[in-house]
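We name chains A, B, ... by the order of the sequence lines, and we start the count at 1 in each one.
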Number of protein chains: 2
Amino acid sequence: MTTIKDVAKKAGVSVATVSRFLNDSGYVSAEAAKAVTAAVEELKYELNPIARSLNTKKSNLIGLILPDITNPFFPELARAVEDVALTYGYTVVLCNSDENPEKEKNYIETLKKKYIAGFIVTSNQLDAPHYANANVPIVALDRAINEKIPTVSSNNKEGAIMGTNALLEQGCQNILFLRGPAELNPANDRYEGFMAAIQQSNAKYQVVTCPFHFTDSQKIVEHVLKENPQIDGIFASSDVSAAGALKAASLVGRHVPNELQIIGFDGVAMGEMLSPGLTTVAQDVYKMGAIATRVLIKRIENEMVEQNFYEVPVKLIVRGTTRSVGE
Amino acid sequence: MTTIKDVAKKAGVSVATVSRFLNDSGYVSAEAAKAVTAAVEELKYELNPIARSLNTKKSNLIGLILPDITNPFFPELARAVEDVALTYGYTVVLCNSDENPEKEKNYIETLKKKYIAGFIVTSNQLDAPHYANANVPIVALDRAINEKIPTVSSNNKEGAIMGTNALLEQGCQNILFLRGPAELNPANDRYEGFMAAIQQSNAKYQVVTCPFHFTDSQKIVEHVLKENPQIDGIFASSDVSAAGALKAASLVGRHVPNELQIIGFDGVAMGEMLSPGLTTVAQDVYKMGAIATRVLIKRIENEMVEQNFYEVPVKLIVRGTTRSVGE
DNA sequence: ATATTATATGTAACCGGTTACACACTGAGA
DNA sequence: TCTCAGTGTGTAACCGGTTACATATAATAT
């Protein structure tokens, strides 16, 4: 392995000069620069990031903390984070937290010892002290951590209004809203959006809380549908729930979209594969991840960030579970 | 930050003794051990992994190189890798390669500079020199790299035989096999399995190559189904293709499973959400990831590994796209 | 009694960089 | 001519550990 000393020797300068040149810090004459460039080239020298980290106390590692990569929402996010990180020369460490504060804390501690550059976090531990005191750049994704921490999320309320109106416009008179867990900010925003839109209308509605889990959703909806045959539209706060609702509809024997229309929320790939294809309010997850990463890197590199809150617009994707367009 | 020097001073010993005690290397007397333990405790000392890495030239980072975390096969794998890594004190770096040798190579180089402990790799660049010459422990996942590199994969051939026989037993007489890309080892093994089983029978069959991509598969199957109304069974080499086939069937108006039975391969979560639920030959992806990680860590820690090839059994999950059991 | 081995510890070099500090030179302004 | 700011460079300390080597003592073998 060639070291900075080898380069210095070859270039006929001191290691300090080489370092200064490489980091573009301090004064370096044109000749010295040329000599060093040549030596680096010739020796194929590559700086050792570990040695550097040891005294700068910085690395180019970014920690991505999310509940569970297995949840269909996150892979695309992770992908975006990694893509952007790569272009800026950062590397992504994957951390599944299971929403467990202990695990989160543990990861933060462990990675801080490695001089991690920053974190992108999706968590409910909004104001857990391990974030407030982390003393390292953080960007929150999807769910706000606290006001001081920049946050990137979808325009959930807007999206819910959009979805509700789509159902209304297609003639639904009796809508079931599948509300997500109350601990989740995005779920609450979606609920607010639904309420805002539905109350503008004359339609009847009911709200049922429903975890973002396929089988559970299916069972809940199956039950509700049996009790309430008059329901002609379902707006689910997640695609997984919507998929459960769709299955429930088929089990209960209600034709989608003729007798019952369904709209999901998220826009995961699976929606397309269902029959009929799932109409959904799609989040631009990739974009969220990309923005979050860029903001984080700006923070890391001490550039000014203009704002502290980024809302990524959602988009209605119309497929077969609503009537507007057949498939 | 408290350093090893602080601990040494507090314990009244030299840094060498502290280091020896902490690493359980060399001789340390009982008294010294006690003093150091107390000092560590009192100062809440935690060893700096970067400083250590600098001279051991080792870290506790594991690189996970896979084509695309967005592909539904990989999140569970990543999850398993991370879970196991965590219990052994390792941290996972996520690398999406897009099957691009340049990217793979680049990641390997970059991470080697960080003294990465080892890699878990899913790649087709079977014997690319950057693996052979990586000079760092590697375990291959799903697809073999070369004989010297331990490999963990599913029992693909066995699984394909199992799936084919299931179709046969349910009375299929004319089976369409959706073969995966020829560059992929697992796809070839599945093809072999299918051929072995089908040739034992009197059933007619045809084979069509089909990428692991939903819309493409759907279109291909739609076309084939129109041309060949006699097809009464489809065995897809992947669940995504099977989902495409299922959708194609519904578009072409063939009832599943009455007129046409479908079996997929992989066992991704999405299969359950389809209507009818997808019968599939499920891989135990989590287990594959877990085994791979354990094997890698053994290699890293210079323990003997018994074998160089691990086959994880697959399992037939019967749902609604085959007749055996309704839903 | 002496040689040998196992146990125990400290000193200092080293891993591969960054950077504070000292020093030298140049040219402009007083 | 003297001063001073700006430019350029090297020496050596430092980041926080590990480890080769030297040294010392106790226990065992011969």
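- Under the side-chain hydrogen bond (donor to acceptor under 3.5 Å, both in side chains) criterion, no residue pair touches residues 25-37 of chain B, with sequence neighbours excluded.
- A salt bridge does not link Arg143(A) to Asp189(A): none of the charged side-chain nitrogens sits closer than 4.0 Å to a carboxylate oxygen.
- Looking at Lys44(B) and Glu109(A), no side-chain N of the basic residue comes within less than 4.0 Å of a carboxylate O on the acidic one, giving no salt bridge.
- Against DNA chain C, the stretch residues 19-36 of chain A makes heavy-atom approaches under 4.0 Å through Ser19(A), Asn23(A).
- A salt bridge does not link Lys287(B) to Glu311(B): none of the charged nitrogens lies less than 4.0 Å from a carboxylate oxygen.
- Not one N or O on the side chain of Asn106(A) forms a donor-acceptor pair closer than 3.5 Å with the backbone of Glu102(A).
- Side-chain N/O atoms of Lys105(A) and Asn100(A) include no donor and acceptor closer than 3.5 Å.
- Nearer the 5' end of DNA chain C, as judged by each residue's closest nucleotide, is the contact made by Val13(B), out of Thr2(A) and Val13(B).
- In summary, the side chains of Thr87(B) and Asp83(B) do not present any donor paired with an acceptor at a separation below 3.5 Å, with no hydrogens or angles considered.
- You can see that DNA chain C meets the heavy atoms of chain B within a 4.0 Å-exclusive cut from dA6(C) to dG16(C), reading 5' to 3'.
- Each of Asn48(B) and Thr17(B) was matched to the nucleotide of DNA chain D holding its nearest heavy atom; the match closer to the 5' end belongs to Asn48(B).
- Side chains of Tyr115(A) and Asn48(B): a donor on one and an acceptor on the other come within 3.5 Å.
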